[in-house]
Amino acid sequence: MGFLYLPIIIFGILFLVTGLLILLDYLLGGSQEKTITINGDNQLVVYGDDTVLSTLASNKVYLPSACGGKATCGTCKFRLIDDVPGVKPTEEPFLSPQEIEDGVRLSCQQKVKPDMKIVLPPGLLSARDFETVIEEMEDLTYDIKRIKFKLIEPNTIDFKPGQFMQIKVPGIEVVRAYSLASNPSHKDYVEMIVRYVPNGQATTFVHKALEVGDKITLIGPFGDFFLQEDSNKPIVCIAGGSGKAPIRSILFRLKELGMKRDVKYFFGARSKRDLYYTDEFLELEKEFPNFKYIPALSEPQESDNWTGEVGLITDVLDRNVGDLSGHEGYLCGSPGMIKACINVLNKHDIKEENVYFDNFS
């Protein structure tokens, strides 16, 4: 007879444990109503004990997060007013001493607390969801694809050349950031250039599963890396791999403006099979003599019959520029490449405030 009561006993224990967990969550404040005040006047009433990044996203306030909230990119910064917690070890590599003192933290590492007062850059408040459909997919190289997203709702977008958006990978809780590669004057679609990363969840989805006709949600636009249109300084662009995306967008805009500034574009690749859009940029050279495209191969193959620049892009850059004190620099690539390029730019006296890039990992 005891076996007959076993399911009832198990159910009773589970019910009791669930009740205790709910009570504990309540006592710890997880179900408590909380208020987040943004920039002094915008108030959100929220519940739960999630991170600030996730909680804001649930309320249609989006912070950039190139790594999807894993504390490896450092892009989801926000500033806390009052009751500022100590900096966590996961945050410290991405924050300067001044930012730490000013209450800047990573939103993916901070939990929502009652009556939070935070400051966000005003531009972030205009980022939103965009429902899109895949209109075109093109293989640019063996491991790089161009994807064209036709906008559905809303059906137009304003972005600055150089900015990025985030892809929400359907079916899994993954969000990844990719620079926009299209002409910002074409407001009914955006393009991205995505390089396949083995075992990368988002890039595997894009390269192996995504098809023309699929519907995808994008979030953005984001980024302080964009063309400074009010400047007349000559420009040095440096990129590698899929980092060609934002530079392409910037060049579209410069072409529309009549290419009034001198521009040198250094692009680093391993061998000839890693090059793409070469003809497009060579045509731009013919149209504007003040634009120069300088591709370089670090490991050219004998079959490449390569007669152009050879070596690491930093070495090629060093050989082909002089005094850069009056220039602007636009960089896109891995953190290691960007750091190495900045060292060379500094050697040629570029001003720190004139160097623009986004940190993607």
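- Within 6.0 Å of CZ on Arg270 lie no more than 12 heavy atoms contributed by other residues, nucleotides or ligands.
- Between Pro246 and Gln163 there is no side-chain heavy-atom pair separated by less than 4.5 Å.
- In terms of heavy-atom proximity, Ile342 sits nearest to Phe357 at CD1-CE2, 3.6 Å.
- Between Ile152 and Val133, the closest side-chain pair of non-hydrogen atoms falls below 4.5 Å.
- No salt bridge links Lys215 with Glu131; every basic N to acidic carboxylate O contact stays at or beyond 4.0 Å.
- For Lys150 and Tyr189, the positive end is not near the middle of the six-membered ring at less than 6.0 Å and at most 45° from its axis.
- Atom CZ of Arg195 has 12 or fewer heavy atoms from other residues, nucleotides or ligands within 6.0 Å.
- No more than 12 heavy atoms of other residues, nucleotides or ligands shown are found within 6.0 angstrom of NZ on Lys292.
- Side chains of Pro289 and Phe291 form no contact here, defined as non-hydrogen atoms less than 4.5 Å apart.
- For NZ of Lys339, the number of neighbouring non-hydrogen atoms (other residues, nucleotides, ligands) closer than 6.0 Å is 12 at most.
- Distance CG/Leu257 to CE/Met259: 9.0 Å, rounded to 0.5 Å.
- One distance of note links CD of Gln109 with SG of Cys76; it measures 7.5 Å at 0.5 Å rounding.
- Residues Ser58 and Thr55 bring no donor and acceptor atom of their side chains to less than 3.5 Å of each other.
- One finds the OG atom of Ser249 at 9.5 Å from the CD atom of Glu191 (value rounded to the nearest 0.5 Å).
- The only member of Glu280, Glu136, Glu135 that meets salt bridge (Lys or Arg N to Asp or Glu O under 4.0 Å) when paired with Arg146 is Glu136.
- Nearest approach of Tyr276 to Ile193, heavy atoms of both residues: OH-CG2, 3.7 Å.
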Stepwise, does the side-chain contact (heavy atoms from CB on, under 4.5 Å) test hold for Lys233 with Gln228?
-> CA-CA 9 Å; Lys233 295 181 176 67; Gln228 306 299 301; over 6 Å; no
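- Salt bridge present: Arg253 and Glu256 bring a charged side-chain N and a carboxylate O closer than 4.0 Å.
- With a 6.0 Å cutoff to the six-membered ring centre and a 45° limit on the axis angle, Arg273 counts as a cation-pi contact of Tyr142.
- Side-chain contact, Asn346 with Glu352: no donor N or O sits under 3.5 Å from an acceptor N or O.
- In this structure the side chain of Ile147 never reaches within 4.5 angstrom of the side chain of Tyr178, judged on heavy atoms.
- Using a 4.5 Å heavy-atom threshold, the side chains of Ile38 and Leu44 count as touching.
- With rounding to the nearest 0.5 Å, the separation of CE in Met116 from CD in Gln43 is 13.5 Å.
- Expressed to the nearest 0.5 Å, how far CZ of Phe78 lies from CD1 of Ile36 amounts to 8.5 Å.
- Side-chain contact check for His348 and Asp318: at least one donor-acceptor pair (N or O, by modelled atom type) lies under 3.5 Å.
- Within the 4.5 Å cutoff, the side chain of Val175 has no heavy atoms near those of the Val169 side chain.
- Under the 3.5 Å distance criterion, with hydrogens and angles disregarded, no donor-acceptor pair is assigned to the side chains of Gln166 and Ser65.
- A salt bridge does not link Arg79 to Glu99: none of the charged side-chain nitrogens sits closer than 4.0 Å to a carboxylate oxygen.
- For Asp224, the CG atom counts as loosely surrounded, since its 6.0 Å shell holds 12 or fewer non-hydrogen atoms of other residues, nucleotides or ligands.
- The residues Arg319 and Glu309 are annotated as salt-bridged, a charged nitrogen and a carboxylate oxygen being separated by less than 4.0 angstrom.
- Taking the six-membered ring for Trp and thresholds of 30 and 60 degrees, Tyr265 and Phe281 have ring planes more than 60 degrees apart, a perpendicular arrangement.
- Expressed to the nearest 0.5 Å, how far SG of Cys237 lies from CD1 of Ile247 amounts to 4.5 Å.
- By the 6.0 Å contact criterion, NZ on Lys160 is open, its count of non-hydrogen atoms from other residues, nucleotides or ligands being 12 or less.
- For Lys187 and Asp158, the salt-bridge test passes: some basic side-chain N is under 4.0 Å from an acidic carboxylate O.
- Tyr356 and Tyr330 have their aromatic ring centers within a separation under 6.0 angstrom.
- Contact annotation: the side chain of Gln110 approaches that of Glu91 to within less than 4.5 Å [non-hydrogen atoms, C-beta and beyond].
- At a threshold of 4.5 Å between non-hydrogen side-chain atoms, the residues Leu106 and Phe94 count as touching.
- Transitive grouping of hydrophobic side chains (ILVMFWY, heavy atoms separated by less than 4.5 Å) brings Leu324 and Leu331 into a common cluster.
- Stacking of Arg128 on the aromatic ring of Tyr62 is not recorded, the 6.0 Å distance cut-off and the 45° axial limit not both being met.
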